[in-house]
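Every value quoted in this text rests on a predicted model; they were computed, and no experiment measured them.
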Amino acid sequence: MREVDPKSTPRALAFELWNKAPMPMVTLMKTLDVTPLVHLSRKRNYKFNMLLCWCIGVAAAQTEDFYLLPVGDKLMQYDKLAVNTVVATRDGGIATCDLPVSTDLEQFDRDYRSLTGQVYESGESYELGEDYMVIGTSALAGYEIDGAVNIYAGCYNNPFLIWGKYRKKWLRATLPVSFQFHHTQMDGIPAAAFLERLQGEIRQVGRKNR
């Protein structure tokens, strides 16, 4: 992680306009076809949440805007990405877990099982540290929700995705997803393109693992 001059980046105008705005967050919603992930989770004993987090990380890694993030009054550039997931702990609480993004599904699955298992047992959140730009996620898997908007505390500018229970109809499974991002980090077009890329990764992982 290193500080960069906003004027030397494509986000110069956005930094000037949005970094001190009282509500700089934007939320896009998209219904994804997650049928390939449902099939793969049953076929290979993968967790559905792991597969979706992996696809999010792979899609984000192909989107250059994710590597810049406003932190306070600074614009920071990152070389590495992580996906954060919420873990229900043994003692009945919740904690969070950072997972390093990897293009290798098997490696990501090993990290997911190991690190979330560690958080489950200890009850303590696991953080990779400041070298990673972290994409937040929250899965309300027991409930059908249509979306969530503008969760902003003023100190957490990271992009964030939230979803509920996927919906089954005939032979397909769909999942509404909300994607929140800081307007300094990216504009609507690359954000929408990221969601399209995410859908593409979901289809791709299904084709590769038939």
Is the [atom1] atom of [X] crowded by more than 12 outside heavy atoms at less than 6.0 Å?
{"X": "Glu64", "atom1": "CD", "result": "no"}
{"X": "Glu144", "atom1": "CD", "result": "yes"}
{"X": "Lys47", "atom1": "NZ", "result": "no"}
{"X": "Glu130", "atom1": "CD", "result": "no"}

Distance check, rounded to the nearest 0.5 Å: [X] atom [atom1] versus [Y] atom [atom2]?
{"X": "Leu52", "Y": "Glu201", "atom1": "CG", "atom2": "CD", "answer": "12.0 Å"}
{"X": "Arg110", "Y": "Glu106", "atom1": "CZ", "atom2": "CD", "answer": "6.5 Å"}
{"X": "Met1", "Y": "Met133", "atom1": "CE", "atom2": "CE", "answer": "12.5 Å"}
{"X": "Ile94", "Y": "Ser138", "atom1": "CD1", "atom2": "OG", "answer": "7.5 Å"}
{"X": "Leu68", "Y": "Met76", "atom1": "CG", "atom2": "CE", "answer": "10.5 Å"}
{"X": "Leu175", "Y": "Ile145", "atom1": "CG", "atom2": "CD1", "answer": "8.5 Å"}

May I ask you to test the [X]-[Y] pair for a side-chain heavy-atom distance under 4.5 Å?
{"X": "Phe181", "Y": "Phe194", "value": "no"}
{"X": "Asp73", "Y": "Lys20", "value": "yes"}
{"X": "Lys30", "Y": "Leu32", "value": "yes"}
{"X": "Lys169", "Y": "Thr174", "value": "no"}
{"X": "Pro100", "Y": "Asp111", "value": "yes"}
{"X": "Phe108", "Y": "Cys53", "value": "yes"}
{"X": "Val134", "Y": "Phe160", "value": "no"}

#### Entry: Derivation and outcome, side-chain contact (heavy atoms from CB on, under 4.5 Å), residues Asp98 and Glu127
CA-CA 5 Å; Asp98 288 349; Glu127 297 181 357; 3.8 Å; yes

Should [X] and [Y] be regarded as members of a common hydrophobic cluster, given that ILVMFWY residues are connected when their side-chain heavy atoms come within less than 4.5 Å of each other, either directly or indirectly?
{"X": "Trp18", "Y": "Met186", "value": "no"}
{"X": "Ile202", "Y": "Leu195", "value": "yes"}
{"X": "Trp163", "Y": "Val205", "value": "yes"}
{"X": "Val101", "Y": "Val177", "value": "yes"}
{"X": "Val26", "Y": "Phe15", "value": "no"}

What are the two closest heavy atoms between [X] and [Y], and how far apart are they?
{"X": "Ala95", "Y": "Glu124", "value": "CB-C, 4.0 Å"}
{"X": "Ala82", "Y": "Leu128", "value": "CB-CD1, 3.6 Å"}
{"X": "Thr103", "Y": "Val58", "value": "CA-CG2, 4.4 Å"}
{"X": "Leu28", "Y": "Ala192", "value": "CD1-N, 3.7 Å"}
{"X": "Cys55", "Y": "Leu37", "value": "SG-CD2, 4.1 Å"}
{"X": "Pro70", "Y": "Asn19", "value": "CB-OD1, 3.0 Å"}

With distance as the sole test, does [X] use its side chain to make a donor-acceptor pair with the main-chain N or O of [Y] at under 3.5 Å?
{"X": "Tyr67", "Y": "Ala61", "value": "yes"}
{"X": "Asp187", "Y": "Ile189", "value": "no"}
{"X": "Thr89", "Y": "Gly123", "value": "no"}
{"X": "Thr137", "Y": "Asn84", "value": "yes"}

### Message
Regarding Thr63 and Asp65, do their side chains bring together a donor and an acceptor under 3.5 Å, going by distance alone?
### Response
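No, no side-chain donor-acceptor contact under 3.5 Å.
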
### Task
Indicate whether any N or O donor in one side chain lies under 3.5 Å from an N or O acceptor in the other, for Asp104 and Ser102.
no

### Query
Mind checking whether Phe66 and Phe179 have parallel, tilted or perpendicular rings, split at 30° and 60°?
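Phe66 and Phe179: parallel rings.
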
## Note on the structure
With Val119 as partner, the option from Thr85, Thr96, Val87 fulfilling side-chain contact (heavy atoms from CB on, under 4.5 Å) is Val87

### Task
Go through the steps to decide whether Arg167 and Asp146 satisfy the test salt bridge (Lys or Arg N to Asp or Glu O under 4.0 Å), and finish with yes or no.
CA-CA 11 Å; Arg167 303 168 184 185; Asp146 294 324; 3.0 Å; yes

### Query
side-chain contact (heavy atoms from CB on, under 4.5 Å) between Leu105 and Met50: does it pass, once the steps are laid out?
CA-CA 9 Å; Leu105 176 57; Met50 181 281 294; 3.9 Å; yes

### Tyr112: side chain to side chain donor-acceptor pair (under 3.5 Å) partners, not counting sequence neighbours
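For Tyr112, the residues satisfying side chain to side chain donor-acceptor pair (under 3.5 Å) (neighbours in sequence not counted) are Asn49.
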
### Step-by-step side-chain contact (heavy atoms from CB on, under 4.5 Å) determination, Leu69 to Asn158
CA-CA 7 Å; Leu69 183 73; Asn158 299 58; 3.7 Å; yes

### Query
Should Leu17 and His183 be marked as a side-chain contact (heavy atoms from CB on, under 4.5 Å) after you check the CA-CA gap, both sets of side-chain angles, and the distance that decides it?
CA-CA 9 Å; Leu17 290 174; His183 211 337; over 6 Å; no

